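Below, read A as the first sequence line, B as the second, and so on, with proteins coming before strands; counting in each chain starts at 1. Source: prediction; values computed, not measured.
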There are 2 protein chains.
Amino acid sequence: MVDIREVARRSGVSPATVSRALNGRPDVSEATRERVRKTASDLGYLPNEQARTLVRRRSDTVGLIWDTSYVVTKGRHSFLQDLAVGLKIALAETGYHLMILSPGSTTGSEDAFVRIAAQHSLEGVALMAVEPHLPAVEALIASGRPCIGLDLPIRGRRASYVGADNHHGASLAVDHLVGLGHRRIAVITGPLDILPGVERHEGFRTQMAAHGLEVLPEYVVSGDFFIESGHAAMLTLLALPNPPTAVFACGDQMAVGAMHAINEAGLDVPGDISVVGFDDVEIAALVRPSLTTVSQDYLGLGRAAVELLSNLIAEDREFGRGADAPPSTAARRPELVPGALIVRDSTGPVPLTQGVPAIA
Amino acid sequence: MVDIREVARRSGVSPATVSRALNGRPDVSEATRERVRKTASDLGYLPNEQARTLVRRRSDTVGLIWDTSYVVTKGRHSFLQDLAVGLKIALAETGYHLMILSPGSTTGSEDAFVRIAAQHSLEGVALMAVEPHLPAVEALIASGRPCIGLDLPIRGRRASYVGADNHHGASLAVDHLVGLGHRRIAVITGPLDILPGVERHEGFRTQMAAHGLEVLPEYVVSGDFFIESGHAAMLTLLALPNPPTAVFACGDQMAVGAMHAINEAGLDVPGDISVVGFDDVEIAALVRPSLTTVSQDYLGLGRAAVELLSNLIAEDREFGRGADAPPSTAARRPELVPGALIVRDSTGPVPLTQGVPAIA
DNA sequence: TTGTATGCGTTATCAC
DNA sequence: GTGATAACGCATACAA
């Protein structure tokens with residue numbers, strides 16, 4: 001490995017000048033800059049990042065904390081994978097490097113994340129699929145290091161989050177169903193202790209109310225975003241004396257499970273019951289009937305996350321991390337990325353035998 | 001940030017002793033070790049990784065080169081995402097950190113990967129979804145830095161790869177179909193310029209031959225692993241005067257496309273035609289009928305990759321990277337991870353009407 | 001068993 | 001505009 005001194009020697013200048021020339025500093029003559037550039041490139045000189053980070057006190061690297069333990073217990077989670085890819089792509093566009101952290105055995109300790117971020121001089125940290133009230137997470141946020149939650153509602157002096165606009169997405173689903181003439185609309189919710197679960201449910205109720213429609217208590221069944229819970233929830237709904245004509249499942253997997261249950265009962269989608277999902281993961285377009293759903297713009301989420309994090313990092317550099325530092329301003333407002341309704345084949349007009357005709 | 005000197009001062013020893021004590025060196029008394037440990041922990045001391053890497057000349061970090069440009073052009077690719085997760089999990093278990101590289105604008109340059117690996121002192125590099133004959137990739141392999149291809153057939157003095165045992169997997173599919181009585185079996189291949197495409201096709205032919213069965217030329221149709229190509233291929237097969245009674249699609253998406261084509265033709269799966277896929281991605285279990293397929297053990301692939309890479313790194317540390325260094329031995333043999341046949345509902349006994357086109 | 005001195009490769013400070 | 005010189009934070013050879 002050729003180092004900066006070698007380049008200096010071969011260019012007939014000092015290491016300091018080489019550094020200046022290569023880093024585009026103004027205080028160096030164009031002649032020497034060119035000469036240095038040439039010998040550096042001839043020698044294949046590559047500045048060592050560790051050494052640079054050490055002295056510059058910045059690494060151009062952000063970390064990702066992503067708890068994948070759910071893979072073993074519950075199986076894959078497509079949307080999270082999409083989200084990770086979206087983050088990777090956006091980060092690459094911005095020039096940051098991404099370090100996937102392996103807290104390892106120290107996960108339980110309160111300073112696990114703080115420590116690992118400090119040790120690697122990370123300029124910011126993105127978080128996915130972790131419990132926001134974990135002591136290690138709260139300690140990280142309290143440390144003042146720039147943090148961004150992905151679909152994870154964290155807040156702090158230098159922490160914010162991006163997420164799908166779940167309220168808006170749910171309202172799109174409701175509008176679509178109501179527009180098709182449906183009135184008896186049920187919802188299969190996600191877990192009500194995580195943000196997407198809560199917000200999609202809220203959005204559903206709000207928009208139903210906006211249309212002057214009642215949400216019967218027995219039309220609200222909860223699931224856990226995985227397919228089996230959608231199946232089970234739909235069985236519950238089908239057993240009602242007066243089943244719904246449409247179902248809004250707050251996740252695509254649950255929507256697919258619901259469709260299976262409907263088919264197994266000898267009913268047709270969308271002939272008898274319409275189904276709308278949420279997320280637009282890969283399966284949505286592949287099942288038959290293909291699933292009408294609310295898409296999540298995972299590339300947009302990645303971009304929004306990186307932009308927010310960049311701002312937080314900029315503030316961190318400018319004002320420092322001390323308790324006396326002014327808190328973040330604009331960068332602190334969470335960013336909600338809207339999705340779009342993707343109309344496919346799982347939704348249709350309300351059956352004529354039921355309630356209000358679609359076209360009056 | 002408290003540094004090693006601070007800890008030394010507060011413990012009444014020299015920085016060297018602190019380093020020795022904290023790194024578990026034998027030549028330090030248990031008494032001082034304990035004392036140093038305590039003050040270090042009290043002060044919340046965290047050794048700086050950049051500084052350590054600089055002086056130890058090892059980073060405990062491996063890089064991942066993963067070309068995600070296909071996301072924009074062709075859409076998501078579930079199996080690659082699974083593979084990435086498998087790698088992450090295995091790496092975490094082994095204590096390595098993972099750095100996702102962003103070659104950025106220099107992607108085209110021949111030394112892009114060599115440079116970035118050197119700059120970040122990466123001990124090894126994993127590669128996914130890149131063209132193995134790209135100059136930048138070949139240069140990286142030639143550099144002697146430990147490399148591991150994921151489903152990517154790379155070889156070199158310190159380079160090897162892991163992949164699914166595609167031959168074996170294909171043979172499982174053939175055995176299954178033959179066992180159900182099928183004789184007229186068609187194949188929808190993947191692209192024949194990448195490894196999984198070639199090997200699954202080869203495995204199919206080999207095992208057909210092992211059963212003494214002929215593979216008609218018109219029963220071999222090629223696709224690109226994406227759903228649309230499976231649909232199109234199946235249309236071609238259905239248009240034959242004598243269509244097959246079973247189809248082996250070399251990827252799950254293509255298998256789903258094929259099932260759609262069959263259904264659209266008014267035929268039944270598996271009543272008229274059986275379909276087997278490959279990969280066992282999420283959709284396989286979710287479509288109806290659920291898809292019989294050959295699973296890929298992505299967690300196993302991740303583990304195998306990390307183990308192989310660890311060995312390559314160990315050899316690299318021991319023998320160095322010079323051209324005179326002895327080449328890797330055991331670690332150099334590619335590791336093929338076997339999958340398993342997952343029997344679901346898309347396969348069944350050959351129809352009694354076999355010999356004539358099955359028209360329901 | 002412990003301390004001293006040196007170096008890892010770079011950038012920043014301050015002279016000139 | 002350029003060159004010494006001193007950090008950055010740590011580990012290690014050598015001396016004690």
Chemist: At a heavy-atom distance below 4.0 Å, which nucleotide of DNA chain C is the first touched by chain B, and which is the last?
Modeler: C:dT1 to C:dG9
Chemist: Are OP1 or OP2 of D:dG9 and a side-chain N or O of A:R57 less than 4.0 angstrom apart?
Modeler: yes
Chemist: Run through B:L140, B:I154, B:V137, B:L150 and flag the one making a side-chain contact (heavy atoms from CB on, under 4.5 Å) with B:V130.
Modeler: B:V137
Chemist: Could you grab the distance from atom CD1 of A:I100 to atom NE2 of B:H97, nearest 0.5 Å is fine?
Modeler: 12.0 Å
Chemist: With a cut-off of less than 4.0 Å, is there a side-chain N or O of A:T32 near OP1 or OP2 of D:dT2?
Modeler: yes
Chemist: Just by distance, with hydrogens left out, do B:T53 and A:Q50 show a side-chain donor and acceptor under 3.5 Å apart?
Modeler: no
Chemist: So how far off straight is the helix from C:dT1-D:dA16 to C:dC16-D:dG1, going by the axes through five pairs at either end, to 10°?
Modeler: 40°
Chemist: Tell me, yes or no, whether the heavy-atom count around B:E6 atom CD, taken from other residues, nucleotides or ligands under 6.0 Å, exceeds 12.
Modeler: yes
Chemist: Are more than 12 heavy atoms from other residues, nucleotides or ligands located less than 6.0 Å from atom CZ of A:R10?
Modeler: no
Chemist: Do other residues, nucleotides or ligands put more than 12 heavy atoms under 6.0 Å from the CZ atom of A:R56?
Modeler: yes
Chemist: Please write out each protein N/O paired with an N/O of nucleotides 12-15 of chain D under 3.5 Å, distance rounded to 0.1 Å.
Modeler:
residue, atom, partner, partner atom, Å
D:dT12, OP2, B:R25, NH2, 2.5

Chemist: From CZ of A:R35 over to P of D:dG1, roughly how many Å is that when rounded to an integer?
Modeler: 14 Å
Chemist: Would you find more than 12 non-hydrogen atoms of other residues, nucleotides or ligands less than 6.0 Å from A:R317 atom CZ?
Modeler: yes
